[in-house]
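One structure is given below, encoded as structure tokens.
Heavy-atom basis, side chains included; hydrogens, waters and symmetry copies ignored. Order of listing sets the numbers, starting from 1, for every ligand and every atom in it.
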Amino acid sequence: MGQTPQTSYVTALRFPFLTRFYDRVLAATLKEEKFKRLLVQQSAIQPGHRVLDVGCGTGTLTMMLERDAPEAEVFGLDGDADALDIARKKVSAAGAKVTLVQALAFDPPFEPGSFDRIVSSLVFHHLTRAQKALTLEKCRDLLAKGGELHIADWGEAQNILMRAAFLGVQLLDGFETTTDNVNGLLPELIARAGFRDVAETHREATVFGTLALYRAAAP
Ligand SMILES: C[S@@+](CC[C@H](N)C(=O)[O-])C[C@H]1O[C@@H](n2cnc3c(N)ncnc32)[C@H](O)[C@@H]1O
């Protein structure tokens with residue numbers, strides 16, 4: 001397990017040429033609307049909140065956050081210019097008020113205490129353990145007092161069938177970044193970064209394994 005955060009990252013479907021198919025694959029395989037809706041609901045965004053979607057990819061969740069709370073200020077951050085291009089087109093077509101920024105999750109270009117909510121979906125399984133830890137520390141620092149972190153990602157397999165199903169994701173995205181997820185380590189890593197009241201709030205069985213939702217409060 002590499003312990004040094006690297007500057008590289010994995011694109012949405014591992015290979016850059018697959019990014020353009022990402023939205024269709026996700027909608028067809030992962031109950032995307034359901035789990036993203038749950039994540040938006042548990043984020044409980046209020047008017048005036050500043051919200052950051054870390055690893056926003058093609059912007060589907062970012063736009064759902066904006067639609068749910070039009071009086072909030074919503075930002076999306078991603079390292080991949082191609083995914084952000086797709087997001088920009090979707091944002092523009094929908095007339096959504098969202099600011100998209102190209103940056104790495106563990107090097108976000110924002111001041112400490114800038115956000116009331118940080119939300120992230122299907123990103124942490126792309127990060128090594130060291131990158132997960134650094135990204136969580138950055139999220140902690142970016143949150144204002146009373147701020148909250150809400151994550152959806154691959155979680156501890158509910159049963160042997162879900163564990164077997166997850167091998168498909170591991171073969172695509174690699175074992176180094178995904179193993180801590182399926183072993184259920186994300187809550188511990190979130191707590192180690194200094195967050196309080198870390199909780200798994202939901203588990204969803206999918207054709208590729210168990211998706212989990214987490215919430216945590218800024219220290
Ligand atoms: C599987 S996609 C998820 C996209 C979106 N959040 C969603 O739920 O549909 C993972 C995204 O994380 C981004 N990503 C992976 N590692 C990253 C990093 N270190 N910094 C910024 N973005 C990263 C990828 O470019 C990709 O867009």
Side-chain angles (χ1 to χ4, degrees), residues 2 4-40 42-43 51-66 74-91 98 100-110 117-139 142 149-155 166 168-174 176-178 180-181 186 189 204 206 208-209 211-214:
T4 309
Q6 298 150 4
T7 51
S8 61
Y9 65 89
V10 181
T11 52
L13 287 175
R14 178 79 180 222
F15 302 106
F17 75 94
L18 291 177
T19 300
R20 79 187 99 135
F21 303 115
Y22 177 76
D23 279 354
R24 270 173 280 170
V25 170
L26 210 66
T29 57
L30 286 194
K31 305 180 190 173
E32 180 186 22
E33 169 70 23
K34 179 180 177 187
F35 86 82
K36 286 186 174 168
R37 172 66 35 216
L38 286 171
L39 191 63
V40 170
Q42 80 167 41
S43 303
V51 182
L52 176 63
D53 180 4
V54 171
C56 65
T58 57
T60 305
L61 175 66
T62 331
M63 290 169 63
M64 287 171 75
L65 291 162
E66 192 262 357
V74 179
F75 294 75
L77 171 157
D78 201 282
D80 181 12
D82 292 339
L84 285 174
D85 275 350
I86 296 172
R88 282 202 184 90
K89 287 187 184 117
K90 285 162 64 178
V91 163
V98 163
L100 297 168
V101 178
Q102 187 178 3
L104 291 170
F106 37 80
D107 191 19
F110 301 104
R117 296 285 185 273
I118 294 181
V119 185
S120 184
S121 152
L122 293 173
V123 178
F124 279 83
H125 75 279
H126 284 295
L127 307 178
T128 64
R129 185 180 292 180
Q131 290 172 341
K132 284 179 175 69
L134 188 55
T135 299
L136 288 165
E137 286 165 16
K138 296 288 180 181
C139 289
L142 286 179
L149 174 69
H150 296 271
I151 293 176
D153 210 332
W154 300 112
F166 192 64
V169 174
Q170 296 198 284
L171 288 170
L172 181 71
D173 287 331
E176 183 184 5
T177 59
T178 53
D180 283 348
N181 284 67
L186 264 190
L189 297 175
E204 189 74 35
T206 78
F208 289 121
L211 268 178
L213 268 60
Y214 307 99

Any atom of ligand 1 sitting under 4.0 Å from a heavy atom of [X]?
X	result
Gln131	no
Leu61	no
Ala103	yes

Could you tell me, atom by atom, which parts of ligand 1 come under 4.0 Å of a heavy atom of [X]?
X	value
Asp80	25 (O)
Lys36	7 (C), 8 (O), 9 (O)
Phe106	19 (N)
Val123	12 (O)

Report yes if some heavy atom in the side chain of [X] is under 4.5 Å from a heavy atom in the side chain of [Y]; otherwise report no.
X	Y	result
Trp154	Thr178	no
Lys90	Thr60	yes
Leu61	Phe35	no
Phe110	Val101	yes
Asp180	Leu186	no

N/O to N/O below 3.5 Å, does that happen between [X] and ligand 1?
X	value
His126	no
Ser121	yes
Leu77	no
Val54	no

Strictly distance-based, threshold 3.5 Å: is any side-chain N or O of [X] a donor or acceptor partner for the main-chain N or O of [Y]?
X	Y	answer
Lys36	Leu65	no
Asp53	Gly76	no
Ser120	Val54	yes

Nearest 0.5 angstrom please: Phe106 CZ to Lys132 NZ, how far?
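Rounded to the nearest 0.5 Å, the CZ-NZ separation comes out at 11.5 Å.
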
Location of contacts on Cys56 toward ligand 1, heavy atoms closer than 4.0 Å
backbone

With a 4.0 Å heavy-atom cut-off (strictly under), which part of Leu127 contacts ligand 1: side chain, backbone, both or neither?
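The part of Leu127 near ligand 1 is the side chain, not the backbone.
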
